[in-house]
Undergrad: 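One structure follows; several queries about it will come next.
We count residues from 1, following the sequence as given.
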Amino acid sequence: MDTRLTLLDHFRNTAATAPTLEALQTAIVTATPQQLPHYSWTGFYMLDPADPETLVLGPYTGDPTPHVRIPVTQGICGAAVATGQTVIVDDVNADPRYLSCSIKTKSEIVVPIYAHNRVIGEIDIDSHDPAAFTQADRTFLEAAAQIVGAYIEQHPANQNLSPSVN
């Protein structure tokens, strides 16, 4: 079976038993780069319920980042939230929106997470390889984002997110 499909099965099984959103997100950021080594940094940014114009860093794996809070008007992360669409950047150094975290990062993909028909966060992946992300990565990460969004909808008491956040 394809590695990405195996990971998605793992995420669905984890979502069925995860006690919290953070536990599910931690499982995703831990398992994904172990199976997909071109994922150099894997993390979640969620909209701050107290300030829905700001993304807040959640669970991640990879080098530390100075970007623990990102206004939705900035960066590739902000662009994905603002448009509600997946953003793939093959060369971050050629994209003026890129907020530099590591000089090793060459490409990035950011996938919005929807719950209650609103963007509430995103999955952010950096790679040390240029043009690292394919359609298969996009499809995989969009499916992972759907699993997280469904978890949020089904477990509103297990995270600090409001359905009214947009």
Undergrad: Are the side chain of T105 and the backbone of S127 linked by a donor-acceptor contact shorter than 3.5 Å?
TA: no
Undergrad: Between F11 and Y151, does the ring centre distance come in under 6.0 Å?
TA: no
Undergrad: Start with the C-alpha distance between T54 and L47, add both sets of side-chain angles, then the distance that settles side chain to side chain contact (heavy atoms under 4.5 Å, CB included), and finish with yes or no.
TA: CA-CA 6 Å; T54 302; L47 287 172; over 6 Å; no
Undergrad: Verify side chain to side chain contact (heavy atoms under 4.5 Å, CB included) between L21 and V148, making sure each step is shown before the conclusion.
TA: CA-CA 8 Å; L21 174 61; V148 174; 3.8 Å; yes
Undergrad: Which is it for R69 and D48 under the salt bridge (charged side-chain N to carboxylate O under 4.0 Å, His left out) test, yes or no, and what are the steps along the way?
TA: CA-CA 9 Å; R69 295 180 64 82; D48 183 343; 3.1 Å; yes
Undergrad: Is there a donor-acceptor contact under 3.5 Å from the side chain of T42 to the main chain of T61?
TA: no
Undergrad: How long is the span from the OG1 atom in T32 to the CG atom in L7, to the nearest 0.5 Å?
TA: 5.5 Å
Undergrad: Is there a side-chain contact between D91 and P130 (heavy atoms, below 4.5 Å)?
TA: no
Undergrad: Decide side chain to side chain contact (heavy atoms under 4.5 Å, CB included) for F44 and I28; before the verdict, give the C-alpha distance in whole Å, the side-chain angles of both, and the deciding distance to 0.1 Å.
TA: CA-CA 10 Å; F44 285 91; I28 290 170; 4.0 Å; yes
Undergrad: Can D63 and K104 be counted as an ion pair, charged N to O under 4.0 angstrom?
TA: yes
Undergrad: Given 3.5 Å as the limit, does a donor-acceptor pair link the side chain of Q35 with the main chain of T3, or not?
TA: no
Undergrad: Q25 versus M46: any side-chain heavy-atom pair under 4.5 Å?
TA: yes
Undergrad: Show, in sequence, the C-alpha distance, side-chain angles and deciding distance for F133 and Y39, and conclude whether the ring pair (Phe, Tyr, Trp, His ring centres under 6.0 Å) test is met.
TA: CA-CA 9 Å; F133 304 108; Y39 287 33; 5.6 Å; yes
Undergrad: Fit a plane to each ring of Y60 and W41, take the angle between them on a 0 to 90° scale, and name the class: parallel (under 30°), tilted (30 to 60°) or perpendicular (over 60°).
TA: parallel
Undergrad: Evaluate the side chain to side chain donor-acceptor pair (under 3.5 Å) criterion for residues T30 and Q34: first the C-alpha distance (whole Å), next the side-chain angles of each, then the deciding distance (0.1 Å), finally the verdict.
TA: CA-CA 7 Å; T30 301; Q34 289 175 352; over 6 Å; no
Undergrad: Tabulate below the donor-acceptor pairs under 3.5 Å that side-chain atoms of residues 72-87 make, not counting sequence neighbours, or state none.
TA:
residue : atom : partner : partner atom : Å
T83     : OG1  : A79     : O            : 2.9
T83     : OG1  : Q85     : N            : 3.2
T86     : OG1  : E142    : OE2          : 2.6

Undergrad: Quick check for you: to the nearest 0.5 Å, what is the distance between D51 atom CG and E53 atom CD?
TA: 7.0 Å
Undergrad: Looking at I123 and I125, what are the two nearest heavy atoms and their distance?
TA: CG2-CD1, 3.8 Å
Undergrad: Hey, could you give me the NZ/CG distance between K106 and N93, rounded to the nearest 0.5 Å?
TA: 6.0 Å
Undergrad: Enter the distance from I113:CD1 to I152:CD1 here, rounded to the nearest 0.5 Å.
TA: 6.0 Å
Undergrad: Would you compute the distance between atom CD1 of I109 and atom CD1 of I88 and round it to the nearest 0.5 angstrom?
TA: 4.0 Å
Undergrad: Between V56 and V68, does the side chain to side chain contact (heavy atoms under 4.5 Å, CB included) criterion hold? Intermediate values first, please.
TA: CA-CA 6 Å; V56 178; V68 296; over 6 Å; no
Undergrad: Looking only at side-chain N and O atoms, does T26 offer a donor or acceptor that is under 3.5 Å from a partner on E22?
TA: no
Undergrad: Please find the pair of heavy atoms, one from V29 and one from P59, that lie closest to each other, and give the distance.
TA: CG1-O, 3.7 Å
Undergrad: Given side chains that start at C-beta, do those of L8 and H10 come closer than 4.5 Å, heavy atoms only?
TA: no
Undergrad: Distance check, rounded to the nearest 0.5 Å: L57 atom CG versus I70 atom CD1?
TA: 8.0 Å
Undergrad: Run the salt-bridge test on R4 and D137 with the 4.0 Å N-O cut-off and return the result as yes or no.
TA: yes
